[in-house]
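Side chains included, hydrogens not; waters and symmetry mates left out as well; all remaining heavy atoms used. In this chain, numbering begins with 1 at the start of the sequence shown.
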Amino acid sequence: MYIKKILLSIALMGLLAGGFFAFHVYQAVFSPNTNFETETVVLKIPAGTEYPALRRIIHPLLKETTSFDRIAIKKGYANHIKPGSYTIRRGWSNIEIIKYLSR
């Protein structure tokens, strides 16, 4: 009986930890991360821009840049930046922005 309680406690702690982790991943990937009031903003990326420069350009447009950095690096965007003029919409998530900039 005592072992069942221990195993149940461990299982519950594992579920809570997994739920906490899943919530944070969801927040970083799918939650809106834009920080401007207008419906759209035009982001201009000059030719030859490397990721640190892009980060400085896009920083004022984002609520939170750390999660954007993690996802950009994980998706490989940080090494494949395409120059151009991009219209970013209010309410877009990190993944939406990165997919749009990757086209």
Side-chain angles (χ1 to χ4, degrees):
M1 188 67 177
Y2 184 69
I3 291 181
K4 285 184 182 181
K5 286 183 181 181
I6 291 174
L7 292 176
L8 181 61
S9 297
I10 291 171
L12 286 174
M13 286 189 293
L15 283 173
L16 285 173
F20 182 76
F21 176 75
F23 175 75
H24 281 285
V25 168
Y26 177 84
Q27 289 286 97
V29 176
F30 298 109
S31 289
N33 193 28
T34 54
N35 192 31
F36 48 88
E37 296 300 318
T38 59
E39 190 61 33
T40 61
V41 168
V42 175
L43 172 67
K44 295 183 182 192
I45 303 174
T49 301
E50 294 187 3
Y51 190 72
L54 173 69
R55 191 173 189 279
R56 284 190 298 276
I57 294 168
I58 203 168
H59 176 75
L61 306 178
L62 301 177
K63 290 179 189 173
E64 204 273 314
T65 55
T66 305
S67 61
F68 181 84
D69 290 339
R70 276 188 264 140
I71 295 167
I73 291 166
K74 186 77 170 170
K75 297 288 285 179
Y77 177 70
N79 297 323
H80 297 94
I81 297 169
K82 297 179 182 178
S85 183
Y86 299 92
T87 303
I88 307 295
R89 297 197 175 278
R90 183 180 58 196
W92 276 6
S93 66
N94 286 325
I95 198 73
E96 288 173 310
I97 295 168
I98 292 167
K99 281 182 180 180
Y100 180 66
L101 297 177
S102 297
R103 292 180 183 175

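With sequence neighbours excluded, no residue satisfies ring-ring contact (aromatic ring centres under 6.0 Å, His included) with Phe21. Judged as a ring-ring contact (aromatic ring centres under 6.0 Å, His included), and not counting sequence neighbours, the contacts of Tyr26 are Phe30.
Side-chain contact between Ile97 and Ile71: absent, with no pair of heavy atoms (C-beta onward) separated by less than 4.5 Å. Side chains of Ile57 and Pro46 form a contact here, defined as non-hydrogen atoms less than 4.5 Å apart. With a 4.5 Å cut-off on side-chain heavy atoms, Arg55 and Tyr51 count as touching. For the pair Ile81 and Leu101, the minimum side-chain heavy-atom distance is 4.5 Å or more. Side-chain contact check for Lys75 versus Ile95: some heavy-atom pair is nearer than 4.5 Å.
Each of Asp69, Asn33, Thr65 was checked for a side-chain contact (heavy atoms from CB on, under 4.5 Å) with Asn94, and the lone residue meeting it is Asn33. When each of Ile58, Leu61, Ile73 is checked for a side-chain contact (heavy atoms from CB on, under 4.5 Å) with Phe68, only Ile58 meets the rule.
Cluster annotation: Ile98 and Val25 are assigned to the same hydrophobic cluster (Ile/Leu/Val/Met/Phe/Trp/Tyr, side-chain heavy-atom contacts under 4.5 Å, transitive).
Taken from CD in Glu50 to CG in Asn79, the straight-line distance is 9.5 Å, to the nearest 0.5 Å. In this structure, Ser67 OG and Lys74 NZ are separated by 15.0 Å, a value rounded to the nearest 0.5 Å. Note that CZ of Phe36 is 8.5 Å distant from CG of Leu62, once rounded to the nearest 0.5 Å. Put simply, NE2 on His24 and OG on Ser31 are 11.0 Å apart, with the number rounded to the nearest 0.5 Å.
Panel note: side chain Ser85, backbone Lys44; no donor-acceptor pair is recorded below 3.5 Å.
Within 6.0 Å of atom CD1 in Ile3, 12 or fewer heavy atoms from other residues, nucleotides or ligands are found, so the atom counts as exposed in its surroundings.
Nearest heavy-atom pair across Gly91 and Pro32 is O-CB, 3.4 Å. The minimum heavy-atom distance between Arg89 and Thr34, with the atom names listed, is O-CG2, 3.5 Å.
Sorted by first and then second residue, the ring pair (Phe, Tyr, Trp, His ring centres under 6.0 Å) pairs involving residues 77-103 (not counting sequence neighbours) are Tyr86-Tyr100, Trp92-Tyr100.
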